[in-house]
Structures are given as C-alpha cells and as structure tokens.
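Just so it is clear, the model here is predicted, and its values are computed rather than measured. Proteins come first, then strands; the chains are lettered A, B, ... in the order of their sequence lines, and each starts at number 1.
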2 protein chains.
Amino acid sequence: MAKYRNIIDEFTTLTKALADGQRVRALRYLCEGEMCLCQLIEMLGLAPSTVSKHMSILHQAGLVESRKEGRWIYYRLAESGGDVKLAGTIRWLREYLEAELMGEELTKLREIRRMKRESFCSHYQR
Amino acid sequence: MAKYRNIIDEFTTLTKALADGQRVRALRYLCEGEMCLCQLIEMLGLAPSTVSKHMSILHQAGLVESRKEGRWIYYRLAESGGDVKLAGTIRWLREYLEAELMGEELTKLREIRRMKRESFCSHYQR
DNA sequence: ACGATACTTCGCCATATAACGAATTATAAG
DNA sequence: CTTATAATTCGTTATATGGCGAAGTATCGT
C-alpha cells in the first residue's frame, strides 16, 4: 500500500474503494478464494474495461492482491502481513459480508469457480 | 438504522458515509466525545448547511446519534447496543483513527470542546 | 508470423456528490 | 412580540465517479 500524508487520506482511500456496490460484490466473491478477471466479469455482468478499473481501484487501496499466470490475472483478498490496520479492515470486511452469500448468486459463483480456465474463459466478450 | 434489501446496500450505505474526508474528520473529533453542530462547524471550517448535511448522512448510516438540548444538537459516535455489525464498524473506525490526532488540530479541538456553549456558540456565521 | 484471448488505457457521457448561499424552522433572550 | 441564534432544507454549480466501447498491449496456440 502506498504512503499517505495523513491518516484521513489513507482511510478514505480505503472507504472510497469500498463505497461502490460492484466492488463490494467482487470482494464478497473473493472471500471464497481467488478468481481471474474474466470470472469476475461473468459474475458482475459488466464490461471488461469496467471490471478492470474496479479491480485496479481495489488494488491501489491495498484490498486485493494479484498474480499473473499466462494470460490470466488472478485476484485475491489481501492477506500479506505487514500492515495491521489493513489486516483489521479485511477482517471487518469478511465479518460483515462473509455469511450472507446465498441463492442463485452462490450457485453461479460455485459453478464459475469450479470451471477451469480451459472450459470457461473464451466467451466473455459481449 | 434502516432496513435494507440486501447486505450490499447496507454495507455501502456505511462505506459511502465514510468515503468523505470531512465526514471522517468529524468522526475523528467525535471519538473524543460529543460535540454540538456549531463546534463541528468551527473545527471543519465549512458552511453550516454543509456540515448539517454531512452529519445527516452519518446519522442515516447509523454511525452517529444525536440529542437535542435547547437550540443545540449534540452528536456522538453511535454506541447503542443492538446491531453487532454496526458495533464492529465503530470499533474498526476507532482503532483506525483514534491514535492519530495531534498538533494544532488537537489543540484547537480541546479548546473548542472546553468552551461551554455560553462562551462559544455565537460567532460561527461567516 | 498470425490470429485469438485476457486484460488495460483512453475518451466520452450520464449521474452522483460536495460545496455554497438564501430562505425556513425552532428555540432562547430581550 | 421581536430579535438573534442554531440548525435544516432547497436550489445551483463544479467536480468526481461509474459506465461503455474503441484501441492498444501481452501472451498463447497454430
């Protein structure tokens, strides 16, 4: 996570990142484990460029980490030690959201997460 | 706190309320105890109508409570039991912000908080 | 080398939000 | 009753943000 001049800037970088429903949906999915961008695109039902921007905002805020594997970029909730305050934020986030995933949305998430890249990623252009 | 259709709406009502530097400054001041609106106006250096709107947003999100005493409305961080998730949010908020108040800003806050309404409130119109 | 796939960057547009001042309401003081 | 103070509501304006598609970059498969 970047350095900030003061605690307010640092804090509002986090809260602004969390102040959008689509980004929160993405984070809730990531509570279940890492996902590549095209899986998130499918779950969110938004344009690739939009989801990419959302994930970039979450990444800049330090809330998610990513790894590249071939053509795919996998995102996961940030876990890496170091920052105590960030860790507290992620804990709060998980406690708030984790229990409440259900219905069709959960079914779809499981389905998409089960599919490997070979069988899934290829039909997301709309 | 109001009822929400789903957890995402509930959560983003909180995070949107927290996604503004001036509102976070106000909350940080309230970590030190209750304050009336005109004290917050003085600390924030914004127009009365603007601060009133900010406090109304924080109140709607359930983050602050208020009590009326004569002409004054006193705001405080929400403490009232009941909602476990809200309590967790306030705890997270306090842990994040509480330690970091210092310098001129702290001096000014103490000064304003020490003044009673008789001696203070009367010169905030600008 | 070439085309396809995964993702990012950019520019545009629509909507949301923060700020102010003017007008209004409520309470206290003279 | 009239004036002053504390706070709210409303209308306006400037800026921020979320959405998209088009174009660009990177990597893989053939």
Asks: How long is the line joining OH of A:Y75 and P of C:dA6, in whole Å?
Replies: 15 Å

Asks: How many whole angstroms separate atom CD of B:Q60 from atom P of D:dT8?
Replies: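 Roughly 12 Å, once rounded to whole Å.
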
Asks: Whole Å only: how far is the CG atom of A:L37 from the C1' atom of C:dT5?
Replies: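 The distance from CG of A:L37 to C1' of C:dT5 comes to 13 Å, rounded to the nearest Å.
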
Asks: Salt-bridge test for A:R110 and A:E32: reply yes if a basic N is under 4.0 Å from a carboxylate O, no otherwise.
Replies: no

Asks: Indicate whether the side chain of B:E105 and that of B:Y29 have a donor and an acceptor atom separated by less than 3.5 Å.
Replies: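 Short answer, yes.
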
Asks: Within the pair B:K68 and C:dA26, is there a side-chain N or O less than 4.0 Å away from OP1 or OP2?
Replies: no

Asks: Within this structure, what is the CD1-to-P distance between A:I73 and D:dT25, rounded to whole angstrom?
Replies: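 So the CD1-P distance, A:I73 to D:dT25, works out to 16 Å.
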
Asks: Taking the side chain as every heavy atom from C-beta outward, state whether A:E10 and A:K85 have any pair of such atoms under 4.5 Å apart.
Replies: yes

Asks: Would you call A:R113 and A:E42 a salt bridge, taking side-chain N to carboxylate O under 4.0 Å as the test?
Replies: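 Salt bridge between A:R113 and A:E42, a charged N being under 4.0 Å from a carboxylate O: no.
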
Asks: Quickly work out the B:R67 CZ to D:dA7 P distance and round it to whole Å.
Replies: 12 Å

Asks: I need the CE-C1' distance between A:M55 and C:dT8, as an integer number of Å.
Replies: 14 Å

Asks: B:Q39 has an atom CD; how far is it from atom P of D:dT5, in whole Å?
Replies: 17 Å

Asks: Figure out the NE2/P separation between A:H59 and C:dC7, and round it to whole Å.
Replies: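 From A:H59 NE2 to C:dC7 P: 14 Å.
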
Asks: Name all residues meeting the ring pair (Phe, Tyr, Trp, His ring centres under 6.0 Å) criterion together with A:F11; count only those two or more places apart in sequence or in a different chain, and write none if there are none.
Replies: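 A:F11 satisfies ring pair (Phe, Tyr, Trp, His ring centres under 6.0 Å) with B:W92, B:Y96 only.
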
Asks: N/O contacts under 3.5 Å, protein versus nucleotides 28-30 of chain C?
Replies:
unit_1: C:dA28; atom_1: O4'; unit_2: B:R71; atom_2: NE; d: 3.3

Asks: Rounded to the nearest 0.5 Å, how far apart are CG of A:L14 and OG1 of A:T89?
Replies: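 Going from the CG atom of A:L14 to the OG1 atom of A:T89 covers 5.0 Å.
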
Asks: Kindly say whether A:M43 contributes a backbone atom to a donor-acceptor pair with the side chain of A:R25 at under 3.5 angstrom?
Replies: yes

Asks: Kindly check if the number of other-residue, nucleotide or ligand heavy atoms within 6.0 Å of NZ (B:K53) is above 12?
Replies: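 No - once you tally the heavy atoms of other residues, nucleotides and ligands closer than 6.0 Å, there are 12 at most.
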
Asks: Please check: side-chain N/O of B:E65 versus main-chain N/O of B:A78, any donor-acceptor pairing under 3.5 Å?
Replies: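 It does not hold such a pair.
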
Asks: Can you pull every protein N or O that's under 3.5 Å from an N or O on nucleotides 17-20 of chain C?
Replies:
unit_1: C:dA18; atom_1: OP1; unit_2: B:R23; atom_2: NH1; d: 3.2
unit_1: C:dA18; atom_1: OP1; unit_2: B:R23; atom_2: NH2; d: 2.7
unit_1: C:dA19; atom_1: OP2; unit_2: B:H54; atom_2: NE2; d: 2.3
unit_1: C:dC20; atom_1: OP2; unit_2: B:A47; atom_2: N; d: 3.0
unit_1: C:dC20; atom_1: OP2; unit_2: B:T50; atom_2: OG1; d: 2.8

